[in-house]
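Below you'll find the structure, written out as structure tokens, and then a few comments.
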Amino acid sequence: MPKNLVIVESPAKAKTIGKYLGKDFQVESSYGHIRDLIAKDMGIDIENNYAPKYAVPKEKKEVVNKLKKLTKDAETVWLASDEDREGEAIAWHLAEALNLNPGTTNRIVFHEITKPAIEKAIQNPRRIDQNLVNAQQARRVLDRLVGFELSPILWKKVQRGLSAGRVQSVAVRLIVEREKEIRNFKAVSFFRVVGEFTNSDGKSIKAELSSRFETEEEAKKFLEGCKGHSFHINSIETKPAKKSPAAPFTTSTLQQEASRKLYFSVAQTMSVAQKLYESGHITYMRTDSVNLSDLALNTARKEIHDQYGEKFAQTRKYSTKSKGAQEAHEAIRPTFMDKHSAGTDANQKKLYDLIWKRTIASQMSDAELERTVLRISTPQKELEFVARGEVIKFEGFLKVYLEGTDDDESDEQEGMLPASEKGEHLNASELSATQRFTKHPPRFTEASLVKKLEELGIGRPSTYAPTISTIQKRNYVEKSDLEGEKRNYVQYVLTGSQVKQNKLSETTGADKGKLIPTDIGMVVNDFLVEHFKDIMDYHFTANVEEQFDEIARGREQWDRMIDSFYKDFHPHLKDVEENSDRAKGERLLGQDPKSGKPVYARIGRYGPMIQIGEADDEEKPEFASLMKGQHINDITLEEALELFKLPRKLGEFEDLPVSANVGRFGPYVRHGNNFVSMKPKEGDDPMSITLERAIELIKAKQQADKEKFIARFDEEKPVIEVLNGRYGPYIKSGRKNYKIPKDKEPATLTREECLEIMNATPEPKKRKPRKK
DNA sequence: CAGTGAGCGAGCTTCCGCTTGACTT
């Protein structure tokens with residue numbers, strides 16, 4: 001039995017460290033936090049200085065019991081969780097749960113998983129830093145208070161099941177405000193003039209006019225004026241320039257770059273990275289540090305030296321730019337720099353390649369460039385055509401890697417300019433003035449939202465991906481699928497001595513996969529911003545973080561900090577609860593031409609809807625749900641009235657009525673009491689679907705059911721069906737499904753055997769409410 | 001889920017941050 005027990009947070013880390021420490025040490029993992037505030041009620045004794053009520057959650061009991069046993073057998077326990085606020089709290093919770101004395105238990109930390117770093121840590125144990133633990137308790141308690149008091153207000157004032165929190169609500173706010181900016185944006189057109197010139201050698205030079213014209217007339221007039229003009233070069237300016245590599249990856253920059261270059265979602269990036277980490281190919285993937293260990297710096301240098309030559313190597317140390325960074329880990333890098341490829345599938349290989357290149361490039365020399373600006377005369381003295389050229393003199397890090405950009409339009413491809421002289425005459429082969437339009441700010445992608453959150457210091461590497469998934473799960477935000485519209489524009493072209501007008505058209509406004517707010521998201525956000533300005537402020541987190549830092553330094557008491565927040569927050573919240581109106585996002589669309597009653601779009605108990613008539617009328621109002629893609633803010637009266645044509649009767653099939661309608665989960669065809677979802681992707685739409693198409697869908701569903709069907713027992717209640725699912729045979733009864741054990745033959749099951757299997761199946765995991 | 005949209009009321013929902021598997025019909 002080893003004398004020493006070392007506890008870290010991650011099992012993959014435990015394995016590596018175990019190898020470095022040898023047989024006197026047993027290294028185990030806590031799998032993250034092992035205790036948390038109790039899940040029911042607030043979990044905080046507010047009357048008693050906000051004393052937190054901690055418990056070991058059910059799913060953590062096993063780990064804690066195992067660690068308890070090992071603790072008893074060990075002579076010395078080393079708490080080796082990460083060196084940050086959360087890590088310190090994990091160490092403290094471990095000490096509490098394992099009955100260790102916090103005053104004497106060894107606490108060790110390291111920022112990198114290398115043998116010298118770990119040996120050094122073992123030689124320098126310290127005690128648990130209670131101030132740091134208290135800073136974490138303040139963070140935890142604040143988040144619980146905000147989340148568990150704010151959310152119920154939304155249940156009451158908007159819709160059940162909604163949520164609000166310090167991080168998610170601000171993330172939604174960013175998206176809502178961007179969308180409002182876009183809606184209020186008015187595109188302004190201008191004219192961009194581009195010239196294509198040739199010199200006496202026949203080499204071509206592309207240049208753009210130094211300023212743009214606001215009107216069609218000015219643009220046309222300028223081109224007319226260029227007829228017969230003799231163009232010559234006014235000036236040539238050549239300057240050396242440098243480009244430096246980007247810092248190694250953090251979680252946030254990895255997510256951004258994998259999104260730009262590999263089109264991964266942030267969740268996908270994390271799950272692929274997790275696999276690379278578990279198989280030992282990369283360092284830890286949830287980090288805010290750009291730091292590389294000395295070992296990494298040395299091996300990177302050697303690798304660059306061997307692959308590209310000494311000239312390409314330049315050891316660099318990066319420091320973090322983000323304010324809230326806690327830097328408990330290294331940057332994300334390959335574990336072994338000389339391993340050029342790793343991973344078991346295409347995605348792992350691609351992501352590893354990205355990480356390898358980024359890390360290596362970060363240790364390479366600057367690229368040296370030569371930038372040339374060439375100016376060409378025009379008939380108007382104050383205007384010049386400008387051509388830009390860029391030549392790479394020394395590739396440096398560009399040999400390996402260049403960071404992507406978020407600009408979707410970097411159409412300025414700068415290449416080499418032909419050798420030219422000042423005063424040289426140029427022929428204009430074509431001059432064009434094209435109408436362009438100012439662009440609204442871009443919608444957020446998952447990755448650009450992460451970038452923004454990080455800049456604001458909101459959220460942590462471990463929560464970026466879950467936050468994005470939460471705000472979509474709550475239906476505050478969805479991925480856009482905007483078609484775009486046709487837009488006409490004009491272009492004037494001067495060739496020879498003629499100015500010709502072209503009428504052209506383009507698609508504008510198409511946007512796919514970007515984050516856009518739903519009606520619920522908008523209404524909830526407006527409600528929270530109106531009533532809870534402080535918490536919705538973009539700097540709220542940064543402000544409380546400063547106070548957490550004060551607690552960590554021992555200059556502030558954590559319960560006093562919480563109290564100074566709560567004593568304002570809570571009464572204000574009670575006031576809003578009692579005195580604010582229900583948030584409905586109501587909008588009057590106009591009058592119903594048939595009845596003359598008002599038509600409203602608003603959020604109802606079950607989501608966005610249209611209401612005809614007032615609630616307190618003698619005659620009850622009529623209601624209809626909005627369809628997917630329709631929004632309270634932009635639905636027209638005509639579109640709203642269309643919704644009341646549903647359900648549409650289509651006819652009969654097999655003696656049963658067939659109709660089309662929209663339900664909670666989208667459009668469907670109803671056949672008697674059977675329901676078949678429509679396929680909007682294949683062009684199905686409840687307003688226009690024909691009986692023929694509906695029958696086609698019904699037949700397909702019947703066929704699919706037949707293929708799934710194995711047996712049915714309906715002579716007695718409950719009705720039991722044996723079906724073949726995607727994951728093998730299962731029993732369906734009522735709304736529940738039961739897996740059939742492998743040793744049973746599904747085709748020969750009797751009703752009794754089915755009941756046996758059903759009874760033997762444990763209830764699906766659901767927290768049972770327990771009365772006091 | 002296949003409708004509903006008022007109010008009643010039991011029972012329920014909810015936060016952020018640290019970690020992985022278990023599970024899916």
Side-chain angles (χ1 to χ4, degrees), chain A residues 8-13 29-37 39-43 59-60 63 81-82 84-87 89-90 93 136 139-155 159-169 271 274 277-278 284 286 328 458-464 466-467 470 474 541 584 600 602-611 615-616 620-625 647 659 661-670 673-677 708 723-732 735-740 764-767 769 771:
Chain A
V8 297
E9 289 176 38
S10 146
K13 210 174 179 181
S29 158
S30 74
Y31 293 79
H33 273 294
I34 49 136
R35 297 204 309 181
D36 190 16
L37 295 176
K40 59 163 197 173
D41 10 276
M42 192 60 76
E59 59 276 16
K60 288 288 171 156
V63 184
S81 43
D82 298 344
D84 57 17
R85 208 161 60 202
E86 298 297 328
I90 288 175
H93 280 298
Q136 192 273 349
R139 199 281 303 155
R140 182 69 192 88
V141 166
L142 179 85
D143 282 337
R144 174 58 73 87
L145 286 173
V146 169
F148 273 35
E149 293 215 349
L150 227 39
S151 299
I153 297 280
L154 296 180
W155 305 341
Q159 204 177 90
R160 62 163 286 149
L162 297 176
S163 65
R166 174 176 60 83
V167 173
Q168 58 167 288
S169 297
S271 101
Q274 174 90 27
Y277 166 67
E278 282 169 9
Y284 196 58
R286 291 186 274 265
I458 298 170
R460 301 281 310 132
S462 67
T463 60
Y464 295 137
T467 299
T470 300
R474 297 271 174 274
T541 290
K584 293 191 282 196
Y600 297 101
R602 67 175 176 92
I603 302 279
R605 219 156 105 43
Y606 305 99
M609 57 173 271
I610 303 294
Q611 174 178 329
D616 46 13
K620 268 187 126 187
E622 281 186 83
F623 304 104
S625 297
S659 61
N661 200 358
V662 178
R664 174 82 183 77
F665 295 94
Y668 64 95
V669 169
R670 180 171 185 161
N673 273 328
N674 295 315
F675 300 85
V676 188
S677 294
K708 277 174 74 178
L723 300 169
N724 218 338
R726 197 147 66 94
Y727 301 94
Y730 66 101
I731 294 167
K732 183 183 174 74
R735 277 155 65 177
K736 283 188 189 144
N737 297 315
Y738 306 84
K739 197 173 183 164
I740 297 174
K765 264 190 286 181
K766 232 185 187 179
R767 251 183 287 118
K771 286 243 169 171

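Every chain is numbered from 1 and lettered A, B, ... according to where its sequence line falls, protein lines coming before strand lines. The figures that follow rest on heavy atoms only: side chains count, while hydrogens, waters and symmetry mates do not.
In this structure Glu278(A) satisfies the side chain to side chain donor-acceptor pair (under 3.5 Å) test together with Gln274(A), sequence neighbours excluded. In terms of the side chain to side chain contact (heavy atoms under 4.5 Å, CB included) criterion, residue partners of Asp36(A) (sequence neighbours excluded) are, by chain and number, Arg140(A).
Taking side-chain N and O atoms only, Arg460(A) has no distance below 4.0 Å to OP1 or OP2 of dT19(B). Remark: Arg474(A) is in phosphate contact with dC15(B), judged by side-chain N or O atoms under 4.0 Å from OP1 or OP2.
Both geometric conditions, a ring-centre gap below 5.5 Å and a plane tilt below 30°, are not fulfilled together for Phe623(A) over the base of dG5(B). You cannot call Tyr31(A) stacked on the base of dT19(B); the centres under 5.5 Å and planes under 30° rule is not satisfied.
Not a single donor-acceptor pair, N or O on each side, falls under 3.5 Å between the base of dC18(B) and the side chain of Arg286(A). The base of dC16(B) sits with one of its N or O atoms less than 3.5 Å from a complementary donor or acceptor on the side chain of Arg139(A).
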Its dot-bracket string being built from Watson-Crick and G-U pairs below 3.5 Å, with | for another strand and [ ] for crossing, DNA chain B has the pattern .........................
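Looking only at distances, no side-chain donor or acceptor of Lys13(A) sits under 3.5 Å from a matching main-chain atom of Ser29(A).
For the residue pair Ser462(A) and Arg286(A), no side-chain donor N or O sits within less than 3.5 Å of a side-chain acceptor on the partner.
Trp155(A) places its CH2 atom 12 Å from the P atom of dC12(B), with the value rounded to the nearest Å. Atom-to-atom, CD1 of Ile610(A) to P of dT4(B) comes out at 17 Å; the value is rounded to the nearest Å.
Nearest to the side-chain atoms of Asp82(A) among the listed nucleotides dT19(B), dT14(B), dG11(B) stands dT19(B). With distances taken from any side-chain atom of Arg160(A) to the nucleotides dC15(B), dC12(B), dC18(B), the minimum falls on dC12(B).
Here CE of Met42(A) is found 7.5 Å from CZ of Phe148(A). Values are rounded to the nearest 0.5 Å.
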Arg139(A) vs Asp143(A), test: side-chain contact (heavy atoms from CB on, under 4.5 Å). Steps then yes/no. CA-CA 6 Å; Arg139(A) 199 281 303 155; Asp143(A) 282 337; 2.9 Å; yes
